[in-house]
Structures are given as C-alpha cells and as structure tokens.
Protein chains: 2
Amino acid sequence: MKSDRVLSTAEERRAKVVASAVAAFARGGLHAVTVADVAKHAGISPAYVLKLFTSKTQLFAAALDECYRRIGEAMERGAAQAEEETPEALLHTMGGAYAELIGERDLLMLQVHAQSAMAEPLIADAVRRGAAGITDYVAARSKASGRQVQEFMAFGQLCHLLTTIDAFGIDEPWAKLLTEGFRHSDPIEPPGGAPD
Amino acid sequence: MKSDRVLSTAEERRAKVVASAVAAFARGGLHAVTVADVAKHAGISPAYVLKLFTSKTQLFAAALDECYRRIGEAMERGAAQAEEETPEALLHTMGGAYAELIGERDLLMLQVHAQSAMAEPLIADAVRRGAAGITDYVAARSKASGRQVQEFMAFGQLCHLLTTIDAFGIDEPWAKLLTEGFRHSDPIEPPGGAPD
DNA sequence: CAGAAGAATGAGTGTACAGTCACTCACATG
DNA sequence: CATGTGAGTGACTGTACACTCATTCTTCTG
C-alpha cells in the first residue's frame, strides 16, 4: 500500500502543512508562531512551506479554513446522532459533538488567535466565512428559533473563554459557577449547546 | 492651575502610558504592536516606556488591569441605574452599561488580544483576575442565579465575537440573526446582558 | 537513458524590534 | 549656586524572522 517514493506530491504536502499549521498556530497565534515552527512540525523546510503558501498569513488562513471544515463535519455527525428531530435535541447533540471536538484544544485556540489577527483581511474573511457557515448550518439543520441559535453560539463563545483561562481547573466559586453544566469531557451541556 | 513644569512625575507618566497602551494594544495585540507604537501614542521615548514597565509583557498586563478596572466601574454605574433591585433589572442595566462602555472598541479588542496572549503567565493571570472580578461582582450585586450569570457572560462573549467580525455591519441573514437584540448603540440587550 | 517537470533545500538578505546604557537635562533644597 | 535626585533620551546591540533564489535531487515520460 505504502509508496516507496521519497518525494510527496505538492497536494499531499499542502494537506500535511495545513494540519501542522493548525497545531502550531494553536500554540501561539499568527505573530507568536514562526513559519519555521510550522515547517518543523510538518518535517520540511521553512522555504518550502513558503513556496507552498506564498505568505505566512495565507498559511494561517488556510489553517483556519481547515478548522471550520472540521467543525462543520463534527456538527453534521452530531446532528446525525440526535434521537428526535426537535430543535432542542438537535442543538443538544450538535453542541455535544462540538464540545467533544474541541476537547483537543487546537481548534478552539486557533479560533481565539484568529479573532486577535483580524487586522489581516485574509484572516478576517476566513473568520466571517466560518461564523457564517456554522450559524447557517445550525439554524437550517436544527430549525431552532433565532434566539436559540444565538444562545447556542453565545455558550460556544463562553466555552472558548473558559477553556483559554483553564477555568475547568480552577477551584474557586466564580470558576465553578461559570463552568457548571459544561465540563466538556462528558458531552452534557446547558440548554443550548456549545459551538462556534 | 496647570503647572509649567517640563517634566512629569513618574506616576503621571505611568498613568498616561497605561492609557496609551490600552489604545495601542487594542489595535493589534501583544505581538503585533511595538513598544515604539505605545511610546509614540504617549508622546515619550520607547526607552522610557521600558524603564517605567521593565518589559513589554508587563506593560500589556498593566493595560489589561486598567481595562478590567474600567469595566468594573461601568458595572457599578450600571447597577446604580437599575430601577428595581431584581436580578433581571440589575443584569439588564449592567449589560447596558457594559455595552455602552465597549462601543468604543478598545476595551473589547484588548480582551480579545489578551485571550490570544495567554501563553504569557503575567497576562494569563490578569485575564483570570479580570474574569473572576467581573463574575463575582455580577453574581453578588445582582443576586441572580448561576445560570443567569453564565448567560450574562456568554452573551458578553458573543458580543465580542460579533464586534470583532463587524457583524453589526453585515447585511446577511446569519449576521442579522446573531446581532438581533444587541445593536450595541442602543442599550437594549437580550435577556441577560452583555459583559466580560 | 535523455531530459523536462516538479519537489525540496541551504544559504542568504534585509529589516524590525526588545531591551540596554551612558548620558543630558530639569528640578528641589540648603 | 552647589549638589543630589529623578525624568527623559539617542544611539546602540543582538537577535529573530519572513521571504528569496540559485541549486540539487527525484520522478516521470517518451
């Protein structure tokens, strides 16, 4: 099965580099992570990474697209698991699928760092596309009310904050209060869910 | 009234530099904004900025503390405006005060950038202190249920996202849906409010 | 097997920036 | 007015990093 080629095709490399970019940029964001970091993770030279993507910013944007693609997939999987087709049940399983997906923090942190890099038009566009895609899909698939979708997204954002500050590991009243009902290891989440 | 001194006291300078740091770092975050940018905004030399704060990271952390201080003030003002002492009324006016405060986007963007710079322990600590302070204050002052406080914070986070992607200026269904009820110019906000 | 097409790199280039330091100037005090 | 303290800076240093390019190595095709 496995080819004994030494070189990959450019397409294979691109895919591998994008995956590496997701992991690497999740660690520190656009400006704190270097092209060399991504290259190292992918096991190729920085020069070739730049040949594949022309600029660091484009690479980040590609990573972000991949991030939203995976989230979309997770949502579809989640929706498929719902036992009934009510908005509430669909939002619940979708939220659970999202929570599970971002238990591995990379996709979450990448979104956080993306919000901080909105000064780059390429990245701003990717974030907007991502938010639009998730919102549209959730709304269409669940047929929930606008208010419910809003709440779904809002709790997703709260989940991002709580994860970045590691509130789940803080034993103080405020942290307990905010994390109540999330505990994103078990896919139970508050009335609404936990996306974007 | 105004002294004709040429030099300021170090304390005055620190305050001015912190204010400049809030404004400057809001534009691009820890890594995208230079000490020289902050210095220019404050009208002094980069060298002296670093003498006052020893490192760029400490300066950012100081800006963040100032940010949370101003938010705390706004919350108190908001609470004072409530017409009755019910949790709902208090959350509503507090959310309105917060929304009004961050209409000028600096304080909001600074928080977003801070979340992206959590790799720096000094900044991580400041963010946690900020979140703790707001949560504790809101919970204590409003006497709202845990769930209500959670929702208050969640919608605050959603407001951050919507502002960074400029959803309020996008004329598409998903953007309309998510911004419904916010429109942070008029201080009307959805059941809950809009903080952290 | 010649040679074209593409994969991949090493070695550079230029620049931007955090942090340092020796120094100058302003101000208060006796 | 001598002197000490603290405000403020210019010039520098070292480094890190995005991006370029000439070149080498691999694979495919006829």
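To find a chain, count down the sequence lines: A is the first, B the second, and so on, and within it residues start at 1. Please read these numbers as outputs of a predicted model, since none were measured by experiment.
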**Item:** Distance, rounded to the nearest Å, where A/His31 contributes NE2 and C/dC17 contributes P
**Value:** 11 Å
**Selection from C/dA8, D/dC19, D/dA7 that lies nearest to any side-chain heavy atom of A/Leu50** = D/dC19
**Asked** Between the side chain of A/His41 and the main-chain N/O of A/Ala23, is any donor-acceptor distance below 3.5 Å?
**Response** no
**Prompt:** Base, sugar-phosphate, or nothing: which does A/Thr54 touch, judged by heavy atoms less than 4.0 Å apart?
**Reply:** nothing
**Item:** Nucleotide D/dA18, atom C1' - distance to CG of A/Leu122 in whole Å
**Value:** 16 Å
**Prompt:** Among the nucleotides D/dT20, D/dG8, D/dA18, which one has an atom lying closest to any side-chain atom of A/Ala47?
**Reply:** D/dT20
**Candidates C/dA18, C/dT9, D/dC19 - which lies nearest the side chain of A/Ser55** = D/dC19
**B/Asp166/A/Arg128 salt bridge by N-O under 4.0 Å criterion** = no
**Message:** Using OP1 and OP2 only, check whether a side-chain N or O of A/Arg13 sits under 4.0 Å from C/dA8.
**Reply:** yes
**Request:** Before accepting this row, confirm whether a basic side-chain N of the pair A/Arg69/A/Glu73 lies closer than 4.0 Å to the acidic partner's carboxylate O.
**Result:** yes
**For atom NZ of A/Lys40 and atom P of D/dA16, their distance in whole Å** = 13 Å
**Prompt:** Does A/Glu180 come within less than 4.0 Å of A/Lys176, counting only side-chain N to carboxylate O?
**Reply:** no
**Protein-nucleotide distance (B/Arg14, atom CZ; D/dA7, atom P), rounded to Å** = 11 Å
**Prompt:** Does B/Glu83 CD have over 12 foreign heavy atoms under 6.0 Å away?
**Reply:** no
**Fill in**
Rounded to whole Å, CG of B/Asp37 lies from C1' of C/dA16 at a distance of 11 Å
**Complete:** Looking only at C/dA22, C/dA8, C/dG19, the nucleotide nearest the B/Lys51 side chain is C/dA22
**Message:** In this structure, how many angstroms lie between the P atom of D/dC19 and the CG atom of A/Leu52, rounded?
**Reply:** 14 Å
**Prompt:** Can you tell which of C/dA7, C/dA18, D/dT9 lies closest to the side chain of B/Ile44?
**Reply:** D/dT9
**Message:** Does A/Val33 reach a base, just sugar-phosphate, or nothing at all? Heavy atoms under 4.0 Å.
**Reply:** sugar-phosphate
**Prompt:** Rounded to the nearest Å, what distance is computed from the CZ atom of residue B/Phe60 to the P atom of nucleotide C/dC17?
**Reply:** 17 Å
**Item:** Length of the CD-C1' vector between A/Gln58 and D/dC19, whole Å
**Value:** 13 Å
**Prompt:** In terms of side-chain heavy atoms of B/Ser45, which of C/dC17, D/dT9, C/dT9 is nearest?
**Reply:** D/dT9
